Amino acid sequence: MTAPLTLRTGPAGSRIAGVGSYLPRRVVTNEEMCTMIDSSDEWIQQRTGIVERRWAGDDEPLSYMVTEASRKAIAQAQVDTDDIDAVIVASVTHLKATPALAPIVAAELGLKDPAAYDISAACAGFCYALAQADALIRTGSAKNVLIVGAERLSDLTDKSDRSTAFLFADGAGAAVVVGSDTPGVGPVVWGSDGTQADVITQTEDFRDAVPAGRMPTVYMDGKPVFRWATTFIADAARDILTQTGIEPEQLDVFIPHQANNRITDSMLRHLKLPDHVVVARSIKYFGNTSASSIPIAMDELLTSGEAHSGQTALIIGFGAGLVYAGQVVVLP
Ligand SMILES: CC(C)(COP(=O)(O)OP(=O)(O)OC[C@H]1O[C@@H](n2cnc3c(N)ncnc32)[C@H](O)[C@@H]1OP(=O)(O)O)[C@@H](O)C(=O)NCCC(=O)NCCS
């Protein structure tokens, strides 16, 4: 007879206990951008809402940005580093296939023997990591999980490509997720459409590019991405509210992936969110930082006082894959 396996169980729910972010020092204005591409401050602002973005320097590698953001999130969560037992880093710009970034930053943070792994889910990466952290906690596989979105997209951007150069940027955002008898992370709504894999993709793989002295860069066909985000993803955002049992009137904050202000505006119209809902617009100063954009925006709203601890926020990430994920969360 097969021996019965003992299973673990965890608390009823999880919640975000702390959030932190790191933004590179170098500010790249639209004016500077226009020395690299044929464009204008007016066009960039009107089409995307971006006024400036940050590009990381040589002394700001991905691991540094991750540890800086993580330290702030851990401090706010007031969780002892010895008690963090899993680390998930979401990134598409960690340029080594192995080892993953998560165990490296876990060691730099002085964590003791945590499970540590990376995930690649582009601009949905933070919400994918949050879904995993929530599931790990509720099934008893982890007690306290550090999740991070971190990107150096400037490494993989063709600075002379006028369809992407002005959009992508660098930064990191982290959160500590802990167990909670009162759920602070709602059910994830997520999915993918690989038939559109080629609308945001690398121009070539590293095996071809590197021997020829090149870096692959990100190619984007903006129009289908825009269409998908303003139709299918807007419906997915509404589905998140429905599945969480939250009416638009009960929502305090909306933090969509900071892809483009026009996409955010279109989603707002689609969702018919009431006027009192605070909407993240950090793309204005930080550009599109892919997996980092949601935690950076969350940290900015809480730090500036525009949003408050205990408020209910809808978050949704979407991007290359194509992939998407989102949840309703209670802000730390
Ligand atoms: C990228 C994006 C802003 C481009 O806007 P668009 O309206 O689709 O731009 P188009 O390529 O159709 O070009 C429209 C016009 O602007 C011009 N243009 C394109 N890029 C330009 C630039 N950087 N600066 C100035 N003009 C530009 C084109 O030449 C064209 O001019 P024309 O009408 O005289 O021919 C838009 O497609 C978009 O926001 N897509 C979603 C992308 C996104 O959010 N991605 C992230 C998802 S994770």
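As the structure lists them, so they are numbered: ligands from 1, and atoms in each ligand from 1. Excluded from the calculations below are hydrogen atoms, water molecules and symmetry mates; all remaining heavy atoms, backbone and side chain alike, are included. Nothing here was measured: the structure is a model prediction, and the numbers come from that model.
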Measure from atom 32 (P) of ligand 1 to the protein's non-hydrogen atoms and state whether any distance is below 4.0 Å. no
Could you say whether the N/O atoms of S163 and ligand 1 ever approach to under 3.5 Å? no
Worked check of salt bridge (Lys or Arg N to Asp or Glu O under 4.0 Å) between R26 and E60: CA-CA 10 Å; R26 181 168 171 221; E60 293 168 308; over 6 Å; no
We want to know whether E31 and T29 form a side-chain donor-acceptor pair, criterion being a heavy-atom distance below 3.5 angstrom. no
Measuring to protein heavy atoms, does anything land under 4.0 Å from atom 23 (N) of ligand 1? yes
Could you work out, for atom 47 (C) of ligand 1, the closest of L167, T164, V225 by heavy-atom distance? V225
Would you tell me whether S91 and E151 have side-chain atoms, one donor and one acceptor, within less than 3.5 Å of each other? yes
Between the side chains of T201 and D198, is a donor N or O closer than 3.5 angstrom to an acceptor N or O? no
Yes or no, since that's all I need: does a protein heavy atom fall within a distance strictly under 4.0 Å of atom 13 (O) of ligand 1? no
Aromatic plane relationship, W228 with F318 - under 30° parallel, 30 to 60° tilted, over 60° perpendicular: perpendicular
Checking contacts here: is it the side chain or the backbone of A259 that comes within 4.0 Å of ligand 1, counting heavy atoms only? Could be both or neither. both
Among all protein heavy atoms, pick the one closest to atom 1 (C) of ligand 1 and tell me residue, atom and distance. M220 CE, 3.9 Å
Shortest protein heavy-atom distance from atom 9 (O) of ligand 1, along with the residue and atom involved: R47 NH1, 3.9 Å
Do you know which two heavy atoms are closest between A150 and S292, and how far apart they sit? CA-OG, 3.5 Å
What part of D38, side chain, backbone, both or neither, has a heavy atom within less than 4.0 angstrom of ligand 1? backbone
For F318, the atoms of ligand 1 under 4.0 Å from one of its heavy atoms are 48 (S)
Does a sphere of radius 6.0 Å around NZ in K72 hold more than 12 heavy atoms from other residues, nucleotides or ligands, not counting ones at 6.0 Å or beyond? yes
Salt bridge flag under 4.0 Å for residues R269 and D265: no
When you measure from atom 4 (C) of ligand 1 to every protein heavy atom, which one gives the shortest distance, and what is it? W43 CH2, 4.0 Å
What do we get for F166 next to ligand 1 when only non-hydrogen atoms under 4.0 Å count, side chain, backbone, both or neither? side chain
Considering only heavy atoms of G222, which atoms of ligand 1 have at least one such atom less than 4.0 Å away? 37 (O), 40 (N), 41 (C)
Hydrogens and angles aside, do Y285 and Q258 bring a side-chain donor and acceptor to less than 3.5 Å of each other? no
Per-atom filter on ligand 1: closer than 4.0 angstrom to a heavy atom of C123 are 48 (S)
Using a 4.0 Å cut-off to any heavy atom of I263, which atoms of ligand 1 qualify? 44 (O)
For residues T217 and D158, is any side-chain donor paired with an opposing acceptor at under 3.5 Å? no
Considering only heavy atoms of K223, which atoms of ligand 1 have at least one such atom less than 4.0 Å away? 6 (P), 7 (O), 8 (O), 10 (P), 12 (O), 37 (O)
Test your reading of the structure: does N288 have an N or O sitting under 3.5 Å from an N or O of ligand 1? no
Output yes when a protein non-hydrogen atom is found under 4.0 Å of atom 26 (N) of ligand 1, and no otherwise. yes
Hey, is atom 35 (O) of ligand 1 touched by any protein heavy atom at less than 4.0 Å? no
Taking atom types as modelled and ignoring hydrogens, do the side chains of D155 and T93 form a donor-acceptor contact shorter than 3.5 angstrom? no
Protein heavy-atom contact under 4.0 Å for atom 38 (C) of ligand 1? yes
Quick check on contacts: which atoms of ligand 1 are under 4.0 angstrom from a heavy atom of H257? 48 (S)
If I apply the N/O under 3.5 Å rule, does S39 come out as touching ligand 1? yes
For the CD atom of E32 and the CZ atom of R53, what is their distance to the nearest 0.5 Å? 9.0 Å
Within the protein, is there a heavy atom lying under 4.0 Å from atom 42 (C) of ligand 1? yes
Carboxylate-amine/guanidinium proximity below 4.0 Å for E52 and K284: no
Quick one: nearest non-hydrogen protein atom to atom 29 (O) of ligand 1, plus distance? R162 NH1, 3.2 Å
Let me confirm one number: the CZ-CG distance from F254 to L273, rounded to the nearest 0.5 Å. 6.0 Å
Numbered atoms of ligand 1 (with element) below 4.0 Å of N260, judged on heavy atoms: 38 (C), 39 (O), 44 (O)
If you count heavy atoms of other groups shown closer than 6.0 angstrom to CD of Q78, is the number above 12? no
